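These notes concern the structure reproduced below.
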Amino acid sequence: MARILITSAIPYINGIKHLGNLVGSQLPADLYARYMRARGHEVMFICATDEHGTPAELAAKKAGKPVAEFCAEMHEVQAKIGAGFGLSFDHFGRSSSPQNHALTQAFAGRLADEGLIEEVSESQVYSNADGRFLPDRYIEGTCPNCGYDKARGDQCENCTKQLDPTDLIEPRSAISGSTDLEVRDTKHLYLKQSQLKDKLSAWIDSKTDWPVLTTSIAKKWLHDGDGLQDRGITRDLDWGVPVKRGAQEWPGMEGKVFYVWFDAPIEYIAATHEWADKTGGDWQRWWRTDKGAEDVKYVQFMGKDNVPFHTLSFPATIMGSNEPWKLVDYIKSFNYLNYDGGQFSTSQGRGIFQDQALDILPADYWRWWLLSHAPENSDAEFTWEAFQTDANKDLADVLGNFVSRVTKFCRSKFSEALPAGGAYGDAETRLIADLTTKIRAYEAHMADKEVRKSANELRGIWVAGNEYLQAEAPWTVFKTDPEKAAMQIRLALNLIRVYAVLSAPFIPDAAAKMLSGMNTLDTSWPDDLDAALAALPAGHDFTVPEVLFAKITDEHREDWAERFAGTRD
RNA sequence: GGCGUUAUAGCUCAGUUGGUUAGAGCGAACGACUCAUAAUCGUUAGGUCCCAGGUUCAAGUCCCGGUAACGCCA
């Protein structure tokens, strides 16, 4: 039995996330966590909300609420939606937790002690009306190049020219619209990542089994141009982790907070601490290699936009601390899911959002489609036509109908109990050999975190059951040899339990219904399929379950396609 | 402007270190079956592997140059 630490990139707090966010990190992480638990491994599956930074402050302001209150509410909303999708976190934490404050400050202190923090003075635009410094992109004005009147301080979206905020004609705050701006000097802390470049580079080079997407992004940042740059880790904001050097004040840094990208990944550790405080568990045996974590295998899941922070910045924090923290062993990254020819977008309200998805269909439909089309090698495209066709075919016709035809046949020809009699022949031996091969392949793909391939193999396992029934035709056999038909259908009913166990990581709710219908709590993995197909003995009662997956009709599809064609607020 | 990823059947995608007639699912056509959610199973058709060069006994796979889509950075 292994010990597996799994983290999913932590979703930002400023609103409800769309399906692209789900398939890019949380869902595949959950698939892996559920699978590893099913195989008997000890799993710690951690996620959280990422709550600091300017966008959170602005979203709170828009909602007319204090930012702490807003974050607390949105955290609950996201937790509820996550539960709705069956995300089986051991803990869903908050980056604003006291545990994360303490840990973030401790890391900063350690890095300073190691000589990896530099204080840098810089000039930034301050808005008197807003009472705050403004990040470049929150300053608007007229572009000196093309005259576009909504150019941002970092770039003009109209002519794409790169700008400095001071280039803008009539600059104003994008938050309040105020033109009462001035340039002020302010001091910030920089993490000297450049000093760790060689160490990070050697570490990345040693990860030959990582997805190309992960290592190519990391190498690009390491070697492009002047190489890995030092990074500012503080901001002039109110909402965040106050800058401290461990438990001590940090002279000159009063009133500043750590940059959200510094404290967010540390929340993986802090969230485990939160879990420990809640449950009485031991978090350090997951994170400190001097306190029991040396045999932990740590796997991270994330979208490609998060890769630089997880391959470089966070490891720089860990390595730079010179303390025995657990480093990630494998980073599984994903491309984007597109919607209707363009990107899903939280800020533009484009696409299907997680709450809406759960409103129209049970989680398993989404889990299955999104996972079986996970954007592993390139961006993937969501279309309603594909979603309808694939979900109906795989879930309703192949799996759902298998359960239905087997249970109903047994009920009508025998009873709602596994019938006795008969013995395996060649067909059964062949089926068991075939399924065993497929199950071993499925296990290998799941262990490799090859999401699409796993889904494809699982589908093949479902199909094999239908092939067997079609070839052996128990409904015909029954007329001349009821005992043989009894054997066939007893095997098929046992197959439903096996399917439930194998499918649970993808479609946990349907799997639970299948087990409930089979009237069993036996979720043991079919290491030995021959034995597993005898788990439910002759005479064991079952009930015909309700339709597992109702079909998505053309009317539904057209209605939804229209409903989600525009944008939402 | 720099860099990265991608480009394979109508659609969505597989194709390990270069090695026989390039694969799967969906969709299509035809057939079988009638237990089942008009479900299932089988057969067949469909590809100048983006274009142009090169290396090699052998290239979808490696190299060079283009083109296109998407993304990242400045």
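Quick note: numbers below take in every heavy atom, side chains included, and nothing from hydrogens, waters or symmetry partners. Proteins come first, then strands; the chains are lettered A, B, ... in the order of their sequence lines, and each starts at number 1. As the structure is a prediction and not an experimental result, all values here were calculated from the model.
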For Y468(A), ring-ring contact (aromatic ring centres under 6.0 Å, His included) partners two or more places apart: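 ring-ring contact (aromatic ring centres under 6.0 Å, His included) check on Y468(A) returns nothing, list empty.
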RNA chain B contacts made by [range], counting heavy atoms under 4.0 Å:
range: residues 393-406 of chain A; answer: K393(A), A396(A), D397(A), G400(A), N401(A), S404(A), R405(A)
range: residues 426-450 of chain A; answer: none
range: residues 490-499 of chain A; answer: none

| Looking only at side chains, do S313(A) and Q193(A) share a donor and an acceptor under 3.5 Å apart? |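 Present: a donor and an acceptor within the cut-off.
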Query raised in the report: Distance between the C1' atoms of G23(B) and C30(B), in whole angstroms?
Result: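 Per the computed distance, 23 Å lies between those C1' atoms.
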- Item | Span that lies between the C1' atom of U43(B) and that of G53(B), in whole angstrom |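 Approximately 42 Å lies between the C1' atom of G53(B) and that of U43(B).
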- Return the stacking result for C35(B) and F409(A): yes when the ring centres lie under 5.5 Å apart and the planes under 30°, no otherwise.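 No; centroid distance or tilt outside limits.
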Margin query: Classify L548(A) by what it touches in the nucleic acid, base, sugar-phosphate, or nothing, heavy-atom distance under 4.0 Å.
Written below: base
Spacing of H556(A) atom NE2 relative to U37(B) atom C1', expressed in whole Å |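 Between C1' of U37(B) and NE2 of H556(A): 15 Å.
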Inset, instruction - Whole angstrom is fine here: how far is it from CZ in F414(A) over to P in C35(B)? - result: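 So the two atoms are 14 Å apart, to the nearest Å.
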The side-chain hydrogen bond (donor to acceptor under 3.5 Å, both in side chains) partners of T311(A) (sequence neighbours excluded) come to none
For RNA chain B, the expected dot-bracket line (Watson-Crick or G-U under 3.5 Å, [ ] crossing, | inter-strand) is (((((((..((((.....[...)))).(((((.......))))).....((.((..]....)).))))))))).
